[in-house]
**Q** 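Input: one structure, supplied below.
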Amino acid sequence: MLGASVQAAPLMQSAPGPETLIDGVRYLYFGGTSYLGLAARSEVIKAGCEAMRRFGVHTATSRSGFGNSPPVLEVERRAAEFFGTEDAFYFTSGYAANHILAAALAPPDGTVLVDEAAHYCVLEAARSSGLAVATFRHRDPEDLARQVRGKGRVLVMADAVGPATGWPAPVTEYLEALAGQERAWLLLDDAHGFGVLGDAGRGWLDELHLWPRVNRWPSGDGVNLYVAGTLAKALGGHGGILPGSREFLARARSASHYFSGASAPAAAVAGATAKALEIVSSEPELRSRLRENVGQLRGGLRRFGLNVPEGAAAQVGIRIGDAANMMRIHQELKARGILVPYFGTYSGLPPEGVLRFAVFATHTQDQIGRLLAALRSLL
Ligand SMILES: Cc1ncc(COP(=O)(O)O)c(C=O)c1O
C-alpha cells in the first residue's frame with residue numbers, strides 16, 4: 001500500500017521554476033531542486049527533442065552492448081570538462097551513485113560506517129556493499145573517531161550536503177578523525193553541492209579546496225576521498241554522474257556492473273543534459289546569480305532569528321516551532337500563492353520535520369523579498 005505522503009503528492013503541471021503550476025494553481029515556487037533554473041530553458045528542451053529525433057527513445061541496451069549513443073558520450077565529455085577530470089561516468093539516476101562507489105571501493109574484510117541520517121540511497125548502498133555496517137552520529141566527527149578505533153579498513157559514507165536541511169558535512173573534521181587509520185575511504189554523496197558550491201561549482205569538496213584529491217585510483221595509504229552526485233538537481237539535466245580519473249572510472253564501470261547491466265540514459269534526457277552542462281560551463285553568471293539569491297534568502301531568514309544552516313547550499317531546511325506550526329506557515333504561504341514545502345519525514349530530518357526553502361538562479365530579488373515579507377508576517 002502507498003504511504004499517505006505518496007498518495008497526496010502534488011501534481012506538477014509545468015517545468016519547475018520561480019513560477020510553477022501545481023494542482024492547477026501557479027505558485028511562486030521555492031521547492032525542489034532546479035537550482036540553476038535550466039529545466040525549462042528553450043535550448044535545453046530543443047537539444048533533448050533533437051536527440052530523440054535522431055537516436056530514438058533509447059538504445060535499449062547497456063553501455064557495453066550498443067548503448068553508447070553520441071548524446072551519452074557528450075554528457076560524459078562535458079561533465080569531465082566541468083569537473084576538471086580525465087573522464088566521467090554517466091548513468092540513469094543519482095540514486096545509484098553510492099551503490100557504484102560502494103561496489104568499486106568496498107575493501108575485503110572492511111567495515112562500513114555510515115552517517116545515521118544520510119540519504120536513503122547512501123544507507124542502502126552501505127547495506128548493499130556486503131560488508132559489516134555500523135552507523136555514526138549525524139555530522140559528529142568525535143563519534144566517528146570513536147567508532148573507527150580498532151576497525152581495520154573502513155569505508156565511511158555520508159551526504160556532503162543534507163538534502164532536506166542544507167547542513168554540510170564536516171569533512172575536514174572527518175579527515176582528522178580518520179587520520180590514524182592505516183587505510184580509509186571517505187565516500188560522499190554531493191547531489192546538492194554539484195553545480196552550486198565551490199569556485200568552479202564542483203561542489204562541497206571544491207569549496208573546501210579538496211577537489212584535486214578526489215576520485216583517483218589506485219587509492220593509497222591514509223584517507224582516500226570519493227564523491228559522486230547527480231545532474232538532476234543544480235545542473236539542469238537528469239541522471240547520476242561520477243567524475244574522476246580514467247583508472248578509477250574503469251574500475252567503477254566494471255565493479256558495479258552499471259555499465260554492462262543497465263540501459264544507458266535515454267537519448268532525449270542525455271541530449272538535454274549535455275546542453276545544460278554546456279550552458280552551465282559557458283554561463284558562470286548563473287552560479288553567481290544563484291549565490292546572490294542564496295545570500296538574500298539566508299540573510300533574510302537569519303534576520304528573523306531562525307537557525308539557518310552553515311554554508312551556501314541552495315536549499316535550507318528550517319525548524320520553526322513544532323510540526324503544527326510549520327504546517328500552518330506552509331498553508332498560509334500557499335494561500336498567498338507562495339509554495340514552501342513542509343517536509344514531515346525525509347532522511348536526515350528531526351522528528352518535527354522542517355520547512356525546506358530552495359532558491360533558484362532564476363528567482364528575482366523581488367520574488368525572494370515577497371517570500372520573506374510574507375514569512376515575517378506569519379512567524
Ligand atoms: C542526497 C541525494 N542523493 C541522491 C539522490 C537521488 O538522485 P537522482 O534524483 O538523480 O536519482 C537524491 C534525490 O533526492 C538526494 O537528495
Side-chain angles (χ1 to χ4, degrees), residues 3 5-6 9-10 12 15-16 31-36 38-39 72 75-76 79 83 88-103 114-128 138-139 156-169 171 186-197 202-205 226-243 252 256 258 262-266 268-270 272-274 276-277 280 309 311 313-317 341 343-349 353-354 356-358:
S5 62
V6 177
M12 298 286 286
T33 63
S34 186
Y35 305 131
L36 289 172
L38 291 171
V72 166
V75 170
E76 293 188 333
F83 287 103
F89 177 22
Y90 176 45
F91 38 91
T92 46
S93 160
Y95 201 94
N98 302 282
H99 291 73
I100 293 173
L101 282 182
V114 59
D115 182 322
E116 63 185 0
H119 190 265
Y120 307 116
C121 63
V122 178
L123 294 166
E124 282 172 16
R127 286 185 220 112
S128 78
H138 182 44
R139 300 183 68 251
V156 177
M157 300 181 74
D159 294 323
V161 177
T165 64
W167 276 99
V171 174
L186 176 56
L187 278 53
L188 295 165
D189 177 338
D190 205 6
H192 297 266
F194 278 7
V196 177
L197 302 175
R202 294 170 186 160
W204 181 223
L205 297 181
Y226 292 89
V227 64
T230 179
L231 297 167
K233 306 211 185 287
L235 288 162
H238 197 86
I241 196 74
L242 178 58
S256 66
Y258 266 86
S263 293
V269 161
T273 300
L277 278 168
V280 173
Q315 82 282 16
V316 286
F343 274 42
T345 52
Y346 199 74
S347 59
L349 286 188
V354 291
R356 182 186 183 278
F357 301 79

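When a ligand or atom number is given, it counts from 1 through the structure's own listing order.
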**Q** Are the side chain of D190 and the backbone of G229 linked by a donor-acceptor contact shorter than 3.5 Å?
**A**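 No.
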**Q** Taking the six-membered ring where the residue is Trp, are the ring centres of F83 and F194 under 6.0 Å apart?
**A**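 When the ring centroids of F83 and F194 are compared, they turn out to be within the sub-6.0 Å range.
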**Q** Which protein residues have a heavy atom closer than 4.0 Å to any atom of ligand 1, listed by chain and number?
**A**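 Lining ligand 1 at under 4.0 Å, by heavy atoms, one finds S93, G94, Y95, H119, C121, D159, P163, D189, A191, H192, T230, A232, K233, Y346.
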**Q** Do H192 and Y35 pair up side chain to side chain, a donor and an acceptor below 3.5 Å, judged on atom types alone?
**A**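 Side-chain D/A pair, H192 to Y35: present.
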**Q** Under the ring pair (Phe, Tyr, Trp, His ring centres under 6.0 Å) rule, collect the residues that match up with F343, sequence neighbours excluded.
**A**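 Once residues adjacent in sequence are excluded, the partners of F343 under the ring pair (Phe, Tyr, Trp, His ring centres under 6.0 Å) criterion are Y346.
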**Q** Using 30° and 60° as the class limits, which term best fits the ring planes of H119 and Y95: parallel, tilted or perpendicular?
**A**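 Because their plane-to-plane angle is over 60°, the rings of H119 and Y95 count as perpendicular.
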**Q** If we ignore hydrogens and angles and just use 3.5 Å, is the side chain of E124 paired with the main-chain N or O of A96 as donor and acceptor?
**A**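 Between the backbone of A96 and the side chain of E124 there is no qualifying donor-acceptor contact (under 3.5 Å).
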